[in-house]
Amino acid sequence: MTFVRIQAVQASSSGRFPGVFALVNGLGFAGQLDAHERAWWRSQNRWLEDHFPNPADSSPEVFDRQRHPWTSSWFRAEAHDFIDATRGYLEILDAHGVGWVELGSDGPGPILYEDRYQVVVAARHDPAALPREVWRRRRSAPS
């Protein structure tokens, strides 16, 4: 089984590598999206909320930073609708010069939560510490 994650190229100030949705949400909440991007972002986020399970709804402990200080969410490779849904988010990141990388792995870390579309794992926050099974598939064009 293969998993896919799209995340920031560089760590945030907290040392985490935010995922694709968190990156665009950050731009949106900071008021950096234009009117068209903002309307698309809100609509797409609603679609995802309606169609994609939120791990925090059934297993809030997976995001408890006391218990699991470093977690990351990975799509199952066969979750095509949700992986395809990231395309518009990536276009927004590219338009705003936010670097991202797509990672793939057969074993991204110890699984804390899983459903038919995704897993949440105990993340290895240091990119040098990623297991050898992780490979980079594509990344944004340098600005």
Side-chain angles (χ1 to χ4, degrees), residues 1-34 37-38 40-143:
M1 177 176 300
T2 301
F3 301 97
V4 175
R5 176 168 171 77
I6 303 169
Q7 68 178 32
V9 170
Q10 295 181 340
S12 67
S13 60
S14 69
R16 301 178 193 293
F17 287 82
V20 60
F21 303 126
L23 289 169
V24 176
N25 288 346
L27 293 172
F29 294 134
Q32 296 180 5
L33 301 179
D34 67 30
E37 291 169 333
R38 186 169 188 74
W40 180 90
W41 166 64
R42 287 183 163 182
S43 173
Q44 190 65 13
N45 276 359
R46 273 192 301 277
W47 183 87
L48 287 166
E49 289 168 5
D50 290 344
H51 294 91
F52 195 56
N54 181 346
D57 291 344
S58 61
S59 300
E61 71 281 354
V62 301
F63 298 115
D64 178 339
R65 292 212 173 137
Q66 296 282 9
R67 295 170 97 183
H68 308 288
W70 305 98
T71 57
S72 62
S73 300
W74 293 67
F75 290 111
R76 293 182 185 276
E78 62 272 11
H80 300 287
D81 287 349
F82 298 104
I83 296 170
D84 290 347
T86 66
R87 286 188 185 133
Y89 289 86
L90 297 177
E91 289 173 10
I92 289 173
L93 294 177
D94 288 344
H96 289 266
V98 177
W100 56 270
V101 62
E102 181 178 333
L103 304 175
S105 178
D106 291 329
I111 295 175
L112 304 172
Y113 166 90
E114 64 183 307
D115 61 41
R116 54 189 269 210
Y117 307 109
Q118 67 186 322
V119 296
V120 177
V121 302
R124 297 166 178 94
H125 62 281
D126 178 356
L130 286 170
R132 290 202 316 257
E133 303 84 40
V134 172
W135 60 93
R136 284 179 164 64
R137 300 177 80 182
R138 62 184 173 136
R139 66 186 294 155
S140 60
S143 311

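Counting begins at 1 with the first residue of the sequence. Because the structure is predicted, anything quoted here is derived from the model rather than measured.
When side chains are defined from C-beta on, Trp74 does not count as touching Gln118, because their heavy atoms never get closer than 4.5 Å. Contact annotation: the side chain of Leu93 approaches that of Leu27 to within less than 4.5 Å [non-hydrogen atoms, C-beta and beyond]. Residues Glu49 and Asn54 form no side-chain contact, since every pair of their non-hydrogen atoms from C-beta on lies 4.5 Å or further apart. Side-chain atoms of Ser72 and Phe3, non-hydrogen and from C-beta on, never get closer than 4.5 Å to each other. Within the 4.5 Å cutoff, the side chain of Thr86 has heavy atoms near those of the Phe21 side chain. Looking at Phe17 and Trp100, their side chains never come closer than 4.5 Å, going by heavy atoms from C-beta outward.
Partner Val98 forms a side chain to side chain contact (heavy atoms under 4.5 Å, CB included) with one of Leu23, Val20, Leu90, Val9 and no other, that one being Leu23.
Here the OG1 atom belonging to Thr71 is positioned 11.5 Å from the CD atom belonging to Glu61, to the nearest 0.5 angstrom. Remark: Ile6 CD1 to Arg87 CZ distance equals 9.5 Å, nearest 0.5 Å.
Residue Leu33 comes nearest to Arg38 through the heavy atom pair CB-N, 3.9 Å, listed as atom of the first residue, atom of the second, then distance. Counting all heavy atoms, side chain and backbone alike, Val121 lies closest to Gly109 at CG1-O, 3.6 Å. Residue Ser73 comes nearest to Arg5 through the heavy atom pair O-NH1, 2.9 Å, listed as atom of the first residue, atom of the second, then distance. Residues Ser12 and Ser14 share a closest heavy-atom pair of OG-OG, 2.9 Å. Minimum interatomic distance between Ala22 and Pro18 (heavy atoms only, all atoms of both residues): CB-CB, 4.1 Å. In terms of heavy atoms, Trp40 sits closest to Ala85 at CH2-O, 4.4 Å.
Between Phe82 and Tyr117, the ring planes are perpendicular. Angles over 60° get that label, and only those under 30° would be called parallel.
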Show the numbers, then the answer: is there a ring-ring contact (aromatic ring centres under 6.0 Å, His included) between Phe75 and Phe52? CA-CA 11 Å; Phe75 290 111; Phe52 195 56; 5.8 Å; yes
Just do the side-chain contact (heavy atoms from CB on, under 4.5 Å) check on His68 and Phe63 with the steps written out, would you? CA-CA 7 Å; His68 308 288; Phe63 298 115; over 6 Å; no
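A donor-acceptor contact closer than 3.5 angstrom is absent between the side chains of Tyr89 and Asn25.
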